[in-house]
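Structure first, then comments.
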Amino acid sequence: DLLSEPFPGPVTALRKPAGPPVPRADDVEAAAALIAKARKPLVIAGGGAVTGAEAVRGLIEKLGAATLLTANAKGILPSGHPLLAGGCMLTPSLHRAIGEADLVLALGTELGETEFWYELEGLKLNGAVIRVDIDPRQLHRNARPTLPVVGDAGRFAAALAPLVTAVEGGPAYARQLQAARLDGADPRYVRHRPLLDAIWQVLPEAV
């Protein structure tokens, strides 16, 4: 009953919302130091990395690390990219790969149950974990990071890229994970693969 009432005014100007948080320089440097020690790093990008997709893709390519994309991050690396290791992490083979990584760089991902351990025992991170998120409350949910970084994933990636060098064997490892990503997967999921393959052959550019 208030929507049609007169308003005496004046209308004050709305404050411009603050932009996404900028990661601290010392956090970026600490991340670079951890990455320099890694021999088998793995990048996991989530929906929080989409707005900075170009910078995130640039970091991945500079680092040369195999990369997993959550459902909300699809498209950060195009299909067929040499570093794209998979997009569905609900399979035992990709769970093992995450556990075997000596460093996981998690960019803008909740590491949530629906992405990683639906009907499974849980996500096991045995190496160092660098976790970047704009929400400080999110940094310790579902996985404890070695280095929690409050900041926008794209801005973090842009700041970190000049400080890293390429690791060896990233594309080969990504191909290995792609080839084995359905190994041990639930037959209820795998049975749809022939149908999906047939669709992609006929409509390769479909969205």
Side-chain angles (χ1 to χ4, degrees), residues 1-32 34-35 42-63 67-79 81 83-84 86-90 98 104-120 122-123 125 129-164 196 199 203 205-207:
D1 61 340
L2 298 178
L3 293 178
S4 61
E5 293 294 309
F7 174 65
V11 177
T12 56
L14 295 176
R15 295 178 63 184
K16 185 177 180 180
V22 179
R24 298 185 339 186
D26 57 343
D27 283 339
V28 176
E29 292 170 2
L34 282 173
I35 291 171
L42 192 66
V43 177
I44 301 175
V50 170
T51 54
E54 185 175 345
V56 170
R57 184 164 55 250
L59 170 63
I60 292 168
E61 292 174 344
K62 179 78 182 295
L63 181 57
T67 299
L68 301 174
L69 301 178
T70 70
N72 288 334
K74 281 188 73 173
I76 289 179
L77 294 181
S79 177
H81 192 283
L83 294 172
L84 180 58
C88 176
M89 282 149 279
L90 301 177
I98 294 168
V104 169
L105 175 57
L107 301 171
T109 172
E110 296 178 347
L111 299 176
E113 297 91 336
T114 54
E115 288 285 359
F116 293 99
W117 58 80
Y118 182 67
E119 295 182 349
L120 295 174
L123 188 63
L125 295 158
V129 179
I130 301 170
R131 194 163 180 189
V132 184
D133 205 283
I134 61 172
D135 184 356
R137 297 168 299 179
Q138 191 62 50
L139 290 172
H140 297 274
R141 289 179 180 165
N142 298 325
R144 181 172 297 175
T146 309
L147 176 64
V149 180
V150 178
D152 173 70
R155 293 187 177 191
F156 173 83
L160 180 61
L163 306 181
V164 301
L196 296 174
I199 291 174
L203 302 170
E205 301 300 322
V207 176

What's the spacing between [X] [atom1] and [Y] [atom2] if we round to 0.5 Å?
X	Y	atom1	atom2	result
N142	E113	CG	CD	5.0 Å
I35	L160	CD1	CG	4.5 Å
L147	D27	CG	CG	5.5 Å

Over all heavy atoms of both residues, which pair between [X] and [Y] is shortest? Give the atoms and the distance, please.
X	Y	value
L139	V132	CD2-C, 4.1 Å
A153	A49	CB-CA, 3.9 Å
L125	A143	CD1-CB, 3.3 Å
V149	P23	CG1-CB, 3.9 Å
T67	I60	OG1-CG2, 3.2 Å
P148	P145	CB-CG, 3.7 Å

Note, [X] side chain near [Y] side chain (heavy atom, < 4.5 Å):
X	Y	result
V43	L59	no
L69	L77	yes
I130	T146	no

Exercise. Please test Q138 against R131 for side chain to side chain contact (heavy atoms under 4.5 Å, CB included), starting from the C-alpha separation and ending with a verdict.
Key: CA-CA 9 Å; Q138 191 62 50; R131 194 163 180 189; 3.7 Å; yes

Exercise. Give every residue pair that meets the side-chain hydrogen bond (donor to acceptor under 3.5 Å, both in side chains) criterion with at least one member in residues 44-57, sequence neighbours excluded.
Key: none

Quiz prompt | Pair listing, salt bridge (Lys or Arg N to Asp or Glu O under 4.0 Å) test, anchored in residues 140-162, at least two apart | solution = none

Quiz item: Just one of V150, V28, I134 clears the side chain to side chain contact (heavy atoms under 4.5 Å, CB included) bar with F156, so which one?
Solution: V28

Quiz prompt | K74 atom NZ: more than 12 heavy-atom contacts under 6.0 Å | solution =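 At most 12 heavy atoms, drawn from other residues, nucleotides or ligands, come within 6.0 Å of this atom.
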
